[in-house]
Amino acid sequence: MSAPSVPQDAGVDRRSFLRRMAALSAAAAAGVPTHALAGEPPASEAFPKVGEAFPGGRSPTSPDLEAFWNAAARAARSRGAHDEAAESLTAWEAGVRLRDGSLRAETLVDACLGRIEALDGVLRAFNTVTGDAALEAARQVDARIASGARPQGLLEGIPLGIKDNVYTAGVRTTANAHMFRDFVPDWDATLVTRLRGAGGIVLGKTQMGPLATTRALTPDGDITTLNAWAPHDPRVSPGGSSSGSATGVAARMVTSAMGTQTGGSITVPASSQGLTGLKPTMGRVSLRGVIPLTYTRDHPGPLARDARDAALLLQAMAGPDPMDPRTLGLPTVPDYLAAATPAGTDADPRIRWPTRLGVPPGWAEGSEPRAARRRAFLESLAAGGVDVVELELPAGWSELSSGTFNAGRLPERSEPFLPWLREDVRLFGVTLSSWIQGLLLSGDEYLKAQRGRLALLRLALDEVFSRCDVVIQGSHLAFDMTGLPLITFPIGFREADEGPTDTGRGSALPEGVILGAPPFGEERLLAVAALWQARSEHHRRRPADPAEAQGALPSRDRGRMGLEEVADLSQ
Amino acid sequence: VDYEGIAGILPPFPSAGRPVLSPMPQHSPHSEPFVASPTAHPFRVGRADARFDPTDEELDRFIETRLRLAGVDLSVLPEDDPDAPADRVRLFRSARNFLRNTAASLSAYELDSQLFPPMPYPASIHRDPGE
């Protein structure tokens, strides 16, 4: 497969990126009306462009689909994908089989719906299931293929879950909140339009933390969604707030899903459930039609079974949207599919581009099993050509990415929700505190937090990414605040008999790693994840189904979260 | 990759090789404007007025008044009901902690007024890649 000689992050003009972030911060600080609530087209020239140059002579290209599907077909054969149950396939494996005629879209959708029917009473991954519409869409895909048409879309016939804070035409979009309980948009969010346009089939709306704040709960605090790896133990979090998207993909109810991240809401649930989750650079995927939580930090992205699947979804969703100014003036969308296909051979996969990985001191040291898993991960990447270096985060990093500066996000949620706060604060259920806190932060404090984000971004660009291309992160927070991309994927499992806590004992629980990259470093992140996944099998492990005898626990029996706990954990 | 320091519109980062945040002496609030230079840190941590330690009642009055000015009425909440999703006791406790800790800590940070300015909207320094 051909690929650019350098990934996109190598050509981004970091100065113009910094200016753009400053302008976006200022827009938020000045209360500039956003598209989502103003309902008017934005001024497309409002934000400075991000300069892009390709020092390696690279020119932006469309994805090389033929090369991608040829490589995918070879990989699917070598992995035995034709012998796997339809619902266990990755999206690219299913795509290969739909293309070679060994799988029908209706079979795949029906298998997923069957699992939802059998398991969702226990796992509670979905708010709404649109089974009839999904089956009809699948039959149309099959009819087109039967008539001799080759599948054109990247996601043709692939069952998808959509987080319930994303507009879906004619289907309830509740954000799992009282005030949106009966809200039925009459248009699709831009990202949904693009996923459908790529042939994706929406199976339903996934459970989420109320208003995208924490793990999935009822609006009044009762735990709903369970982690697919520990369905017997509600204390094991499914990760929030894209909880249902993660549980749905992990439990094979849906092939892939999308989520949103303001404070870890893609990377945490993906990491908790053995998935590959990608939070793109701010603006890479349109937010039009996403109920806002924090204008300058909300990021939509995929939760998928591996890096190739994440690349498929991102390729379908990414790009400029005239109705979302955050997406305009950015570098051209690159070929993520090529990035997620390792170089080298099947027997000896290699990193696609020379890449230096920064590792915090002590990250893989120690005698416990977790340290051994981390060392195995680093050693495998090094064997694949990655340059692994120790990197200490610069002074000031922890303060600028602390909860203190993170409080700057709160007024951004209070402002658009003020009409509901005025109507009846009980509409916010157990999440009320963070909306109230947003009203208590003064204007100068909000502005200081915004300036702190720029200082943090500058530290990232000058002090971190001058020394490495991707960096292991213990927390998602700095990258949520600065809008830089993150990826997570499993590097092993904490086995059932392994400590140190009793939570989840008896279950093997996935352990993920979080990697961050400079602006528009999605290709680089996908390339590292794809290399690791070509050299390991952890991402192919699937959780056992919950025992039928467990039945569907009532919500109250799963435990509750209280007002102050939700405030402390709020995204 | 061109890893030169960010220059141009924004001034160079003055902290190279030094901490960007440093706790300041606790003996007095700062009285001089903070100016970063190659020999000074770009930020410093000041402190809010430690002599002022409001009571819970004073903070509750502030919170309620501020919210009422914004049109938000907390009287609809039960006073003290642990089974309710939200009640006044827990909400005010959470809000007081936020003001005493998070807001006060954020307020204490000092940033050089010449660094990291939120730029006017729309930004006036648009530059195309080819320029």
- Item | Test: B:Asp56 and B:Arg96 ion pair at under 4.0 Å | yes
- Message: Salt bridge check, B:Arg90 against A:Glu565: does any charged N sit closer than 4.0 Å to a carboxylate O?
- Response: no
- Query: Taking everything shown except A:Arg422 itself, do over 12 heavy atoms lie less than 6.0 Å from its CZ?
  - Reply: yes
- Pairs of heavy atoms under 4.5 Å with chain B: top-ranked of A:Gly221, A:Ser433, A:Ala407: A:Ser433
- Could you have a look at A:Ile436, A:Asn406, A:Val566 and say which one has the most heavy-atom pairs with chain B under 4.5 angstrom? A:Ile436
Specify which of [options] makes the most heavy-atom pairs with chain A at under 4.5 Å.
| options | answer |
| --- | --- |
| B:Leu74, B:Ile63, B:Val72 | B:Val72 |
| B:Asp87, B:Leu67, B:Thr102, B:Val76 | B:Val76 |
| B:Asn97, B:Leu77, B:Asp73, B:Asn101 | B:Leu77 |

Would you say the side chains of [X] and [Y] form a donor-acceptor pair under 3.5 Å?
| X | Y | value |
| --- | --- | --- |
| A:Arg453 | A:Thr296 | yes |
| A:Ser434 | A:Arg413 | yes |
| A:Gln450 | A:Glu412 | yes |

- Task: Heavy-atom distances under 4.5 Å only: say whether A:Glu564 touches chain B with side chain, backbone, both or neither.
- Result: side chain
- Where on B:Leu99 is there a heavy atom nearer than 4.5 Å to chain A: the side chain, the backbone, both, or neither? side chain
